[in-house]
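The structure presented is a predicted model; accordingly, all values stated were derived computationally and were not measured.
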Amino acid sequence: MKTSRIPAIVFGLLLIGYIVFLVCTVSLLPQQMATHFDASGHPNGWMSRSSAVVFQGVIGLILPLIIAVAFCALRFVPTRGINFPNRDFWFAAERRSDTCAYLSRHGLLLASLLVLLQGVVWYQLIEANAKSIPQLSSSGFFVVLGIFAVAMIVWVMRLFSHFRKAA
């Protein structure tokens, strides 16, 4: 059984890094900042700096934590409470520990990807609001979303390929 320690450490370090990044960059933002942009990068939604920091903090910390905890908590859920392909095979007593460890690692990877996405989004908000007239780089944002989409596709494919059939 592979350990879940390394993904957990990486996830923890990313969370700490995200908090530090958020706190250290607050002063770079105006009191009233653009937080939502149309497809061409023009602002169409505004927030106070403190509200934006709280919002980013909640989205960037709480959502990934919920995902990580949910995946890691599967080991405590009775098998009959899990809806999973070939559930009886993968959660049989002799494989349950390995299955739960794999799902925990996979969940921590997903949570880490979400923290990274939020960090990049925050950076782009800083960059957009640094201009005299706020402007988001639409192409940059779409590149980030594209990279995230590819990472999610790979994440899902790895999950499905691991559990595609009972061995």
Side-chain angles (χ1 to χ4, degrees), residues 1-22 25 34-45 47 52-77 81-87 89-91 95-129 135-167:
M1 176 173 81
K2 293 181 184 174
T3 180
S4 293
R5 189 171 286 166
I6 291 174
I9 291 169
V10 169
F11 177 60
L13 290 173
L14 285 171
L15 283 178
I16 291 167
Y18 180 71
I19 293 167
V20 169
F21 180 53
L22 210 58
T25 56
T35 55
H36 193 272
F37 300 83
D38 63 19
S40 60
H42 297 97
N44 61 8
M47 276 186 181
V53 170
V54 168
F55 181 77
Q56 279 296 124
V58 167
I59 297 298
L61 297 172
I62 302 300
L63 182 61
L65 280 170
I66 289 171
I67 289 170
V69 168
F71 272 86
C72 292
L74 281 174
R75 70 183 66 247
F76 304 109
V77 177
I82 299 172
N83 185 9
F84 203 81
N86 301 307
R87 172 186 69 194
F89 174 81
W90 291 108
F91 286 91
R95 280 179 289 285
R96 184 179 179 93
S97 181
D98 288 341
T99 299
C100 290
Y102 179 84
L103 289 170
S104 292
R105 288 190 310 274
H106 218 64
L108 288 165
L109 176 60
L110 176 58
S112 295
L113 287 172
L114 289 171
V115 173
L116 288 170
L117 175 66
Q118 282 306 120
V120 173
V121 167
W122 184 247
Y123 175 78
Q124 289 189 326
L125 282 174
I126 292 167
E127 290 290 310
N129 282 281
Q135 175 77 31
L136 181 69
S137 168
S138 295
S139 59
F141 188 72
F142 288 126
V143 166
V144 168
L145 287 181
I147 291 169
F148 182 75
V150 168
M152 287 303 304
I153 290 167
V154 169
W155 184 88
V156 169
M157 288 174 59
R158 285 188 64 207
L159 183 68
F160 280 122
S161 69
H162 184 82
F163 294 108
R164 74 176 162 250
K165 62 180 178 179

Determine whether more than 12 heavy atoms belonging to other residues, nucleotides or ligands lie under 6.0 Å from atom CZ of F84. yes

Would you check if L103 and T99 make a side-chain contact, meaning some heavy-atom pair closer than 4.5 Å? yes

Decide yes or no for F148 and V120: does some side-chain heavy atom of the first lie under 4.5 Å from some side-chain heavy atom of the second? no

Check: R96 side chain, W90 main-chain N or O, donor-acceptor pair, under 3.5 Å: no

Are the side chains of W122 and V53 in contact, using a 4.5 Å heavy-atom criterion? yes

Can we call the ring centroids of F37 and H42 under 6.0 Å apart? no

Determine, step by step, whether L14 and L116 satisfy the side-chain contact (heavy atoms from CB on, under 4.5 Å) criterion, reporting the C-alpha distance in whole Å, the side-chain angles of both residues, the deciding distance to 0.1 Å, and the verdict. CA-CA 7 Å; L14 285 171; L116 288 170; 3.6 Å; yes

Review item, side-chain donor-acceptor pairs of residues 55-72, under 3.5 Å, at least two apart:
{"residue": "Q56", "atom": "NE2", "partner": "Y18", "partner atom": "OH", "Å": "3.3"}

Partners passing side chain to side chain contact (heavy atoms under 4.5 Å, CB included) against I147 (at least two apart in sequence or in another chain): V143

Between F163 and N86, is the side-chain contact (heavy atoms from CB on, under 4.5 Å) condition met? List the steps. CA-CA 8 Å; F163 294 108; N86 301 307; over 6 Å; no

With distance as the sole test, does R87 use its side chain to make a donor-acceptor pair with the main-chain N or O of I82 at under 3.5 Å? yes

Spell out, as yes or no, whether a donor-acceptor pair under 3.5 Å connects the side chain of D38 to the backbone of G41. yes

Let's go through Y102 and L159 carefully: what are the C-alpha distance in whole Å and the side-chain angles of both, what is the deciding distance for side-chain contact (heavy atoms from CB on, under 4.5 Å) to 0.1 Å, and is it a yes or a no? CA-CA 9 Å; Y102 179 84; L159 183 68; 4.1 Å; yes

Enter the distance from S112:OG to L117:CG here, rounded to the nearest 0.5 Å. 12.5 Å

Compare all side-chain heavy atoms of F91 with those of C100 and state whether any distance is below 4.5 angstrom. yes

Closest heavy-atom pair, R105 versus P7, reported as atoms and distance to 0.1 Å, is CG-CG, 3.8 Å

Measure across A34 and L125 and return the closest heavy-atom pair with its distance rounded to 0.1 Å. O-CD2, 3.7 Å

Minimum heavy-atom distance between S40 and Q135, given as atom pair plus value: O-NE2, 3.0 Å

Please test Q124 against S137 for side-chain contact (heavy atoms from CB on, under 4.5 Å), starting from the C-alpha separation and ending with a verdict. CA-CA 8 Å; Q124 289 189 326; S137 168; 5.6 Å; no

Note, H36 side chain near P43 side chain (heavy atom, < 4.5 Å): no

Gap separating the CG atom of L15 from the CG atom of L114, nearest 0.5 angstrom: 10.5 Å

So CZ of F141 and CG of L136: to nearest 0.5 Å the spacing works out to 6.5 Å

